[in-house]
Asks: 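Dumping the structure here so I can ask a few things about it.
Since the structure is predicted, the reported quantities are computational estimates derived from the model, not experimental observations.
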Amino acid sequence: MLGTTTSICSVFILFILLLRIYTYWYRKKVKTGHVTPIFGDTLYVLLGIESFPEMIQKIYNKSQDIRYIGTYQLHMPLLLIRSPELIKEMCVRDFDHFLDHRPMINEDLDKLWAKNLSSLKGNSWKKSRSAFSPSFTGSKLKSMLPSTCRAAESFVQYFLSRVGDVVEVDCKDIYSRYVTNSVASLIYGIQTDSLVDQTNEFHYMGREASGVNNMKKRIVLFLHQLFPEIAKFFQMSFFGKEIDDFFINIVKHKMKLLEEENMKQTDIVGLLLEARMGQDTLAEETDQTHAVENRVKGKDIHQYLTDIDIASQAFVYFNASYETISSTLSFMSYELAVNPEIQNKLIQEIDNNKDLTQNFDAVMEMPYLDMVISETLRKWPNTPATDRFVTKPYTIQPTLPGEEPVHLEIGDNILVPIFALHRDPKYYADPERFDPERFSPENRKNINPFAYLPFGVGPRRCLGMRFALLQIKVAFIHILSKFEIVPVEKTDIPLKISRLSLTLTSGESLTLGLKKRIQR
Ligand code: HEM
């Protein structure tokens with residue numbers, strides 16, 4: 001009898017608890033779709049039936065004429081903002097209320113991740129953003145062009161030397177190797193050739209670190225985000241000691257060399273270390289674009305950086321490059337292969353500019369190349385959504401009939417649905433069609449800038465945008481000067497996206513052909 005009463009009481013308490021959790025948005029008078037208790041909106045993602053970007057798109061599409069909609073990631077409530085105007089208000093105008101990202105990885109368990117820009121909060125973030133922004137100024141990027149070209153040339157030579165007119169390649173694999181070679185040299189000053197050396201350590205570490213395709217890592221990430229106490233209790237680190245030690249030791253080793261040999265540094269880590277030693281080569285110019293950065297600009301800011309701060313930041317540059325750039329290169333290759341008329345037009349532009357590949361401004365300003373990349377990032381934004389953590393209470397004032405004020409409290413989370421906005425016919429006619437003309441000089445001005453957010457929005461937007469664009473542009477200029485990208489028998493048309501990854505990437509593999517061009 002006592003047992004039955006206890007069971008009934010437990011079920012009742014659980015029911016009340018679930019009711020409390022899953023009426024969070026209802027109590028704030030925010031609409032939601034149908035939500036499954038315990039799993040929220042994430043059930044199909046956890047079962048591997050739909051991808052994370054598809055899940056967000058489904059929630060976004062539940063209702064057409066509302067500015068926001070409530071959602072639950074397991075038990076965690078998030079407010080998905082559908083309206084570009086509201087995104088602008090929250091992430092730009094009222095940015096001080098939404099300063100941070102939602103904590104993603106437990107700081108005590110992953111020291112390498114804890115100090116990087118995207119995890120830092122409040123004033124620590126402001127100071128670090130100011131310290132790290134000069135890594136990618138115009139003149140720094142210009143100085144990176146020769147090394148980027150070398151990586152692209154050796155990439156192309158590697159495939160030219162392969163037998164046959166059409167070389168079949170797994171895009172995910174080859175582009176992650178191109179990025180490893182180029183970026184390891186630019187960030188750490190370390191030369192790698194991970195195409196020739198297939199078991200290259202740098203490439204291995206990059207793959208392990210970005211391994212959200214890996215089921216174990218995915219579960220650990222979920223625990224870090226949604227049940228941080230459990231992750232802490234079991235001491236579950238996301239990246240693990242091997243990766244932490246590898247990237248921290250490189251920085252320590254470089255520091256030692258710098259102190260002993262006082263050699264002039266040209267890579268990003270070297271420049272940061274030099275700046276900390278007082279030679280301050282990084283402080284020579286500032287990025288004009290960020291009001292927040294300018295507010296906290298301080299002459300001696302680099303001197304406060306520890307080895308871990310620098311290792312952590314360099315690691316996020318490497319990690320961000322590995323995943324985002326290689327996936328954009330893969331998606332663009334696919335679109336070129338299945339849209340030969342677009343590819344021919346791009347090849348024409350590249351052929352007409354072949355003497356300018358060492359000219360930074362010419363590379364960055366090739367108009368059609370820029371249009372094709374912009375459209376790739378529209379249709380296939382590697383980061384399908386970004387978030388903000390409410391750091392100061394905020395009220396969304398009603399503007400549409402039926403809306404009521406929504407009071408957000410510290411600790412609430414908002415979601416900016418990048419992928420869903422990019423595929424909304426309201427902003428992009430026939431959104432599934434790959435059409436670079438959307439970004440022509442005449443048409444570009446019709447695009448709502450807050451409905452095109454591949455690099456995020458406001459003062460917290462991507463720091464590496466121009467660095468990424470440089471890598472992508474140089475890669476395609478070199479590849480298309482020698483090859484045409486073609487579909488082969490193994491190519492999946494339409495392309496399949498990964499259901500395991502939290503970012504937007506192609507499925508297991510994306511096979512295409514590199515067809516050697518006949519040189520005239
Ligand atoms: C195609 C390539 C890339 C895409 C699509 C991309 C996209 C993004 C997005 C959507 C965000 C979140 C912005 C927000 O919340 O508003 C972000 C943040 C960030 N990205 Fe990228 N990214 C790319 C490449 C890179 C590269 C190559 C680097 C570094 C070398 C980098 C460094 C960062 C950093 C440090 C942040 C955090 C900024 C902060 O919180 O202040 N990204 N990126």
Asks: Quick check: closest heavy atoms across P459 and W125, and the distance to 0.1 Å?
Replies: O-CZ2, 3.5 Å

Asks: Who are the salt bridge (charged side-chain N to carboxylate O under 4.0 Å, His left out) partners of K256, not counting sequence neighbours?
Replies: none

Asks: Report the C-alpha distance between L514 and K482 in whole Å, list the side-chain angles of each, state the deciding distance to 0.1 Å, and finish with yes or no for side-chain contact (heavy atoms from CB on, under 4.5 Å).
Replies: CA-CA 9 Å; L514 293 178; K482 301 286 178 206; over 6 Å; no

Asks: What heavy-atom pair brings K172 and S506 nearest, and what distance separates the two atoms?
Replies: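 Heavy atoms of K172 and S506 come nearest at NZ-O, 2.6 Å.
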
Asks: Is E375 salt-bridged to R378, cutoff N-O under 4.0 Å?
Replies: yes

Asks: Can you confirm whether N200 sits close enough to D193 that some side-chain heavy atom of one is under 4.5 Å from a side-chain heavy atom of the other?
Replies: no

Asks: If we ignore hydrogens and angles and just use 3.5 Å, is the side chain of T383 paired with the main-chain N or O of A385 as donor and acceptor?
Replies: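 Looks like no, no N/O pair under 3.5 Å.
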
Asks: Can you tell me if E54 uses its side chain to pair, donor with acceptor, with the backbone of S51 under 3.5 Å?
Replies: yes

Asks: Please examine the side chains of F247 and I243, heavy atoms only from C-beta on, and report whether any two atoms are closer than 4.5 Å.
Replies: yes

Asks: What closest approach, in Å, do N413 and G411 show between heavy atoms, and which atom pair accounts for it?
Replies: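 For N413 and G411, the tightest heavy-atom pair comes out as ND2-O, 3.6 Å.
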
Asks: Do T391 and D100 have side-chain N/O donor and acceptor atoms under 3.5 Å apart?
Replies: no

Asks: Please lay out, stage by stage, how E50 and R499 fare under the test salt bridge (charged side-chain N to carboxylate O under 4.0 Å, His left out).
Replies: CA-CA 6 Å; E50 71 186 2; R499 294 208 169 129; over 6 Å; no

Asks: Report yes if some heavy atom in the side chain of Y24 is under 4.5 Å from a heavy atom in the side chain of Y72; otherwise report no.
Replies: yes

Asks: Can a donor-acceptor pair be found between the side chains of S135 and Y317 at a distance below 3.5 Å?
Replies: yes

Asks: Got F476 and V372 here, is their nearest side-chain heavy-atom distance under 4.5 Å?
Replies: no

Asks: By salt bridge (charged side-chain N to carboxylate O under 4.0 Å, His left out), which residues pair with D307, not counting sequence neighbours?
Replies: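 Salt bridge (charged side-chain N to carboxylate O under 4.0 Å, His left out) list for D307, sorted by chain: R276.
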
Asks: Evaluate the criterion side-chain contact (heavy atoms from CB on, under 4.5 Å) for residue pair E242 and M205; output intermediate values, then yes/no.
Replies: CA-CA 9 Å; E242 189 188 20; M205 290 294 170; 3.7 Å; yes

Asks: May I ask you to check whether over 12 heavy atoms, not counting those of K473, lie within 6.0 Å of atom NZ?
Replies: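 More than 12 heavy atoms, drawn from other residues, nucleotides or ligands, come within 6.0 Å of this atom.
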
Asks: Any side-chain heavy atom of D267 within less than 4.5 Å of one from K254?
Replies: yes

Asks: In Å and rounded to the nearest 0.5 Å, what is the CG to CD1 distance from L377 to I472?
Replies: 6.0 Å

Asks: Please step through side-chain contact (heavy atoms from CB on, under 4.5 Å) for the pair Y178 and L195, ending with a clear verdict.
Replies: CA-CA 8 Å; Y178 159 71; L195 273 167; 5.9 Å; no

Asks: Verify the distance criterion only: is there a donor paired with an acceptor across the side chains of S312 and D309 at less than 3.5 Å?
Replies: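 S312 vs D309: no donor-acceptor pair found between side chains.
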
Asks: Is H253 reaching over with its side chain to a backbone N or O of N249, donor-acceptor style, under 3.5 angstrom?
Replies: no

Asks: Kindly say whether L74 contributes a backbone atom to a donor-acceptor pair with the side chain of T42 at under 3.5 angstrom?
Replies: yes

Asks: Starting from the C-alpha separation in whole Å, work towards a yes-or-no answer on side-chain contact (heavy atoms from CB on, under 4.5 Å) for Q313 and L117.
Replies: CA-CA 7 Å; Q313 198 52 34; L117 213 47; 3.6 Å; yes

Asks: Within the structure provided, determine whether I350 and I477 are in side-chain contact (heavy-atom separation under 4.5 Å).
Replies: yes

Asks: Less than 3.5 Å apart, any donor N or O on the side chain of Y175 or S333 sitting next to an acceptor on the other?
Replies: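 Y175 vs S333: donor-acceptor pair found between side chains.
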
Asks: Work out which heavy atom in F419 is nearest to a heavy atom in K379; give both atom names and the distance.
Replies: CE1-O, 4.0 Å

Asks: Is a donor on one side and an acceptor on the other found under 3.5 Å between the side chain of D94 and the backbone of H97?
Replies: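 Checked: no pair found.
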
Asks: Would you find a donor on one side and an acceptor on the other, under 3.5 Å apart, between the side chain of R177 and the backbone of Q198?
Replies: yes

Asks: Would you check if the distance from the ring center of F315 to the ring center of Y322 is below 6.0 Å?
Replies: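 Centroid separation for F315 and Y322: 6.0 Å or greater.
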
Asks: With no hydrogens and no angle check, do the side chains of S154 and Q157 hold a donor and an acceptor under 3.5 Å apart?
Replies: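 Their side chains do not contain a donor-acceptor pair, so the 3.5 Å distance test is not met.
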
Asks: Anything under 30° is parallel, anything over 60° is perpendicular, the rest tilted; go ahead and classify F159 against F155.
Replies: perpendicular

Asks: Out of curiosity, I87 CD1 to E89 CD, how far, rounded to the nearest 0.5 Å?
Replies: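 If we round to the nearest 0.5 Å, I87:CD1 and E89:CD are 11.0 Å apart.
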
Asks: Should the heavy atoms of other residues, nucleotides or ligands under 6.0 Å from NZ of K121 be counted, would the total exceed 12?
Replies: yes

Asks: Quick check, are the ring centers of H407 and Y394 under 6.0 angstrom apart?
Replies: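 H407 vs Y394: aromatic centres not under 6.0 Å.
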
Asks: Measuring from atom CE of M366 to atom CD1 of I373, what distance do you get when rounded to the nearest 0.5 angstrom?
Replies: 10.0 Å

Asks: Tell me every residue that passes salt bridge (charged side-chain N to carboxylate O under 4.0 Å, His left out) with K496, counting only those two or more places apart in sequence or in another chain.
Replies: D492

Asks: If the plane angle is over 60° it's perpendicular, under 30° parallel, otherwise tilted; pick one for F202 and F246.
Replies: perpendicular

Asks: Any donor-acceptor pair under 3.5 Å linking the side-chain atoms of E323 with those of T503?
Replies: yes

Asks: Would you say the side chain of L408 lies within less than 4.5 Å of the side chain of I396, judging by non-hydrogen atoms?
Replies: yes

Asks: Any sub-3.5 Å donor-acceptor pair from Y334's side-chain atoms to L495's backbone N or O?
Replies: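 Flag set: sc Y334 to bb L495 pair under 3.5 Å.
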
Asks: For S176 and S326, work out which heavy atoms get closest and say how close.
Replies: N-CB, 3.6 Å

Asks: Do the two ring centres, one from Y452 and one from F439, sit under 6.0 Å apart?
Replies: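 Here the rings of F439 and Y452 have centres that are less than 6.0 Å from each other.
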
Asks: Can you confirm whether L480 sits close enough to I485 that some side-chain heavy atom of one is under 4.5 Å from a side-chain heavy atom of the other?
Replies: yes

Asks: I'd like to know if the side chain of S321 pairs up with that of Q471 as donor and acceptor (distance under 3.5 Å, no hydrogens or angles considered).
Replies: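 On atom types as modelled, these side chains do not qualify, holding no pair under 3.5 Å.
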
Asks: Enter the distance from L86:CG to L79:CG here, rounded to the nearest 0.5 Å.
Replies: 8.0 Å

Asks: Compute the ring centroids of F98 and F389, then answer whether they are less than 6.0 Å apart.
Replies: no

Asks: Quiz question: by atom type and distance under 3.5 Å, do the side chains of T192 and S194 form a donor-acceptor pair?
Replies: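 The criterion, which ignores hydrogens and geometry beyond distance, is not satisfied for S194 and T192.
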
Asks: Between T71 and D41, do the side chains contain a donor N or O and an acceptor N or O under 3.5 Å apart?
Replies: yes

Asks: Quick check for you: to the nearest 0.5 Å, what is the distance between K126 atom NZ and L120 atom CG?
Replies: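 Answer for the NZ-CG pair, K126 versus L120, is 13.5 Å.
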
Asks: If you compare all heavy atoms of L463 against all heavy atoms of S133, which two are closest, and at what distance to 0.1 Å?
Replies: CD1-OG, 3.5 Å

